[in-house]
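What follows is a short report on a single structure.
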Amino acid sequence: MEFYTEPAREIPVSEKTEVLVVGGGPAGIGAAVAAARRGCRTVLVEQSGDVGGVATTGMMSHWTGDTAGGFYEELLERSRDDAIQGNRQTINPEKLKEALFQLLEEENITLRGYTFASDVILRGSRAAGIITESKSGREAILADIIIDCTGDGDIAARAGVPFYKGREEDGSMQPMTLMFKVAGVDEAAAVFPGSFETNFPVPKGMIQDLGKEKLPFPAGHVLLYRSTIPGVVTVNMTNCIGVDGTNARDLTKAHRLCRKQMDEIVVFLRENVPGYSECYPISSASMIGVRETRHFRGEKVLTREDVENAVQHEDWAVRDAHFNFDVHNMSGSGLDSTGCQAQFTQKRGYSIPYGCLVPVNIDGLLLAGRDISGTHMAHSSYRVMPICVKLGEAAGTAASLCVKKGIEPRQVDVKELQQCLSSAGK
């Protein structure tokens with residue numbers, strides 16, 4: 001590989017803040033609001049123009065799972081639209097975008113949109129800031145505490161926190177999906193298979209079997225969800241395997257492949273699925289949905305057994321986390337043999353230890369969202385948006401304690417953190 005040596009140059013410091021949140025998805029929103037509400041000067045850096053991540057620009061259909069409590073409940077109430085159909089977990093992306101912007105403004109959080117975090121500033125083994133790239137050029141933001149909510153853990157990786165990618169035994173990562181919406185659906189006649197294990201008869205056969213037979217590989221499953229608008233359905237059926245969400249070339253490849261699948265999926269729906277004979281595509285996500293990349297090593301590691309057995313850790317940072325093992329097939333469509341959705345029998349919520357948010361080796365840094373410390377199987381449960389919101393809320397609260405006391409994240413008194421979360425109704 002050929003290299004270019006960049007000349008040394010001075011980078012302007014555009015911001016100095018107490019808490020810096022990188023990534024404006026569900027975890028980042030939870031982290032920024034929690035830190036700001038506890039009196040910290042807070043900056044949120046987001047690479048797109050909108051905030052909300054996969055919930056908005058990713059056009060996710062709904063908030064999944066049975067997680068409850070805390071700031072997540074407030075988000076649901078702020079973004080629900082009682083004037084149109086759907087329950088409070090059904091996402092109206094436009095309503096949610098505006099609700100999130102209003103939240104940031106109410107809490108005086110400085111939003112740096114259209115800004116990509118490209119590197120970390122280290123002072124010894126301490127993360128002290130980040131380098132950003134934008135239309136404004138290359139700039140530096142310095143902070144007392146940084147919370148990495150990038151999903152892929154871009155800041156933690158650049159800081160040197162140890163990680164592995166994907167499944168422990170072979171590095172395989174869950175496939176990517178580009179969500180889209182179709183209109184013209186006759187909802188009175190339509191069906192809405194909501195999981196890979198939801199397989200029922202339609203006039204031409206069993207619905208999931210038809211998907212595997214007729215859709216272009218690696219697509220092949222049928223997942224359809226009501227939206228907040230009558231006649232409009234959110235489609236979760238595109239699929240790209242064998243790609244790495246930390247590689248821009250792979251992201252480009254996945255986005256293009258999934259877009260090419262959309263037309264064939266619409267034809268399939270028209271010809272095979274009741275209620276969809278007149279459907280047509282009206283919109284698609286502007287960012288591809290990446291399910292899995294880096295797993296970082298933290299002070300604690302969440303495991304499959306923790307989820308399966310609904311373990312309640314004394315040193316919790318998140319309680320009442322609940323979702324199934326949502327492991328998508330890494331070699332094709334549908335559910336991986338290790339996954340379990342509709343047949344997931346554990347109905348009680350589990351907790352996530354604070355140590356899963358604290359990376360080893362590096363100070364001044366917290367993890368929140370799907371980039372916390374956990375195994376491949378545990379990650380398939382905690383990666384969903386409601387749990388990510390709660391992880392962000394815990395990280396933002398911990399960051400505020402660090403700022404107020406002048407301590408590092410690994411020095412936080414977990415009992416005090418729990419008291420702060422509990423007193424705020426978490």
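Residues that satisfy the salt bridge (Lys or Arg N to Asp or Glu O under 4.0 Å) test with Arg126, not counting sequence neighbours, are Glu408. Remark: Ala34 pairs with Glu393, Thr397 by the side chain to side chain contact (heavy atoms under 4.5 Å, CB included) rule, at least two apart or across chains. Residues that satisfy the salt bridge (Lys or Arg N to Asp or Glu O under 4.0 Å) test with Asp170, not counting sequence neighbours, are Arg167. Under the rule for a ring pair (Phe, Tyr, Trp, His ring centres under 6.0 Å), the partners of His328 that lie at least two apart in sequence or sit in another chain are Phe196. Contacts of Lys260 classified as side chain to side chain contact (heavy atoms under 4.5 Å, CB included), with partners at least two apart in sequence or in another chain: Arg256.
Judged by distance alone, the side chain of Glu133 and the main-chain N or O of Phe116 form no donor-acceptor pair under 3.5 Å. Proximity of a side-chain donor or acceptor of Gln312 to a complementary backbone N or O of Gly349 within less than 3.5 Å is detected. Remark: side-chain polar atoms of Thr177 are not paired, donor with acceptor, to backbone N or O of Met179 under 3.5 angstrom. Judged by distance alone, the side chain of Ser227 and the main-chain N or O of Thr234 form no donor-acceptor pair under 3.5 Å. In this structure, the side chain of Thr115 does not engage the main chain of Glu46 through any donor-acceptor pair within 3.5 Å. For the pair Gln418 (side chain) and Trp316 (backbone), a donor-acceptor distance under 3.5 Å is present. Judged purely by atom type and a 3.5 angstrom limit, Asn309 has no side-chain atom pairing as donor or acceptor with the backbone of Val311. Using a distance-only test at 3.5 Å, with no hydrogens or angles considered, no donor-acceptor pair links the side chain of Glu18 to the main chain of Ile145. Within the 3.5 Å criterion, the main-chain N or O of Pro175 finds a donor-acceptor partner in the side chain of Arg291. In this structure, the side chain of Lys390 engages the main chain of Arg319 through a donor-acceptor pair within 3.5 Å.
Looking only at side-chain heavy atoms (C-beta outward), Phe192 and Arg226 come within less than 4.5 Å of each other. Residues Thr67 and Asp320 are not in side-chain contact: their nearest non-hydrogen atoms beyond the backbone lie 4.5 Å or more apart. Inter-residue side-chain proximity for Ile372 and Tyr382 is flagged as met; some heavy-atom pair is nearer than 4.5 Å. Considering only heavy atoms from C-beta on, Cys40 comes within 4.5 Å of Ser400 through its side chain. Annotation: side chain of Asp148 is in contact with side chain of Leu365 (closest heavy-atom distance under 4.5 Å). At least one side-chain heavy atom of Met377 sits less than 4.5 Å from a side-chain heavy atom of Phe325. Annotation: side chain of Val360 is in contact with side chain of Glu299 (closest heavy-atom distance under 4.5 Å). At a threshold of 4.5 Å between non-hydrogen side-chain atoms, the residues Val389 and Phe71 count as touching.
Scanning both residues, Ile362 and Ala159, for their nearest heavy atoms gives CD1-O, 3.3 Å. Taking each heavy atom of Val327 and Met330 in turn, the nearest pair found is CG1-CE, 3.9 Å. Closest approach of Ala55 and Met385 over heavy atoms only: CB-SD, 3.5 Å. Between Val301 and Ser373, the shortest heavy-atom distance links the atoms CG2-OG, 3.4 Å. The two atoms that bring Val185 and Cys279 nearest to each other are CG2-CB, 4.1 Å, heavy atoms only. Of all non-hydrogen atoms in Ala117 and Ile155, the two that sit nearest each other are CB-CD1, 3.9 Å.
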Practice task
Tell me, with the steps shown, if Asn92 and Thr90 meet side-chain hydrogen bond (donor to acceptor under 3.5 Å, both in side chains).
Solution key: CA-CA 7 Å; Asn92 176 345; Thr90 304; over 6 Å; no
Problem - Verdict with reasoning, Tyr114 to Ser136, per side-chain hydrogen bond (donor to acceptor under 3.5 Å, both in side chains) - result: CA-CA 10 Å; Tyr114 294 101; Ser136 303; over 6 Å; no
Practice task
Check step by step if side-chain contact (heavy atoms from CB on, under 4.5 Å) holds for Glu15 and Thr110.
Solution key: CA-CA 10 Å; Glu15 303 274 0; Thr110 299; 3.8 Å; yes
Exercise for the section: Given side-chain contact (heavy atoms from CB on, under 4.5 Å), test His313 with Ile352 step by step and report yes or no. Expected result: CA-CA 7 Å; His313 296 275; Ile352 301 176; over 6 Å; no
Practice task
Check the pair Asp152, Thr293 against side-chain hydrogen bond (donor to acceptor under 3.5 Å, both in side chains), reporting the backbone distance first and the verdict last.
Solution key: CA-CA 6 Å; Asp152 303 308; Thr293 53; 2.7 Å; yes
Problem - Pair Ile407-Arg410, side-chain contact (heavy atoms from CB on, under 4.5 Å): steps then yes or no - result: CA-CA 8 Å; Ile407 59 175; Arg410 70 188 77 257; over 6 Å; no
Exercise for the section: Evaluate side-chain hydrogen bond (donor to acceptor under 3.5 Å, both in side chains) for Thr57 paired with Lys97, printing each intermediate quantity in order. Expected result: CA-CA 9 Å; Thr57 54; Lys97 288 176 189 177; over 6 Å; no
Exercise for the section: Give the C-alpha distance, both sets of side-chain angles, the deciding distance and a yes or no for side-chain contact (heavy atoms from CB on, under 4.5 Å) between Ser48 and Met287. Expected result: CA-CA 9 Å; Ser48 71; Met287 62 174 277; over 6 Å; no
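Within a 6.0 Å sphere centred on CZ of Arg123, heavy atoms belonging to other residues, nucleotides or ligands number 12 at most.
Ion pairing between Asp371 and Arg294 fails under the 4.0 Å rule for side-chain N and carboxylate O. Between Arg37 and Glu74 a salt bridge is recorded (basic side-chain N to carboxylate O distance below 4.0 Å). Here Glu107 does not pair with Arg38 in a salt bridge; the nearest charged N to carboxylate O distance is not below 4.0 Å. Salt bridge Arg78/Glu106: present, at least one basic N to carboxylate O contact under 4.0 Å. Ion pairing between a basic and an acidic side chain is recognised when a charged N comes within 4.0 Å of a carboxylate O; Glu77 and Arg80 show such pairing.
To the nearest 0.5 Å, atom CG of residue Leu367 and atom CD1 of residue Ile147 are 10.0 Å apart. Rounding to the nearest 0.5 Å places CG of Asp413 at 10.5 Å from OH of Tyr354. For the atom pair Asn239 CG and Gln261 CD, the distance stands at 6.5 Å (nearest 0.5 Å). Within the model, atoms CZ of Arg383 and CZ of Arg370 stand 8.5 Å from one another, a figure rounded to the nearest 0.5 Å. In this structure, the separation between CG on Asp50 and CD on Glu94 is 7.0 Å, given to the nearest 0.5 Å. In this structure, Thr64 OG1 and His322 NE2 are separated by 11.5 Å, a value rounded to the nearest 0.5 Å.
Sorted by first then second residue, the salt bridge (Lys or Arg N to Asp or Glu O under 4.0 Å) pairs that include residues 302-313, not counting sequence neighbours, are Arg304-Glu308.
Aromatic ring pairs are classed by plane angle as parallel below 30°, tilted from 30° to 60° and perpendicular above 60°; the pair His62 and Tyr225 is tilted.
Shown are Val235, Asn199, Ile207, Ile265; of these, the side chain to side chain contact (heavy atoms under 4.5 Å, CB included) with Val222 is made only by Ile207.
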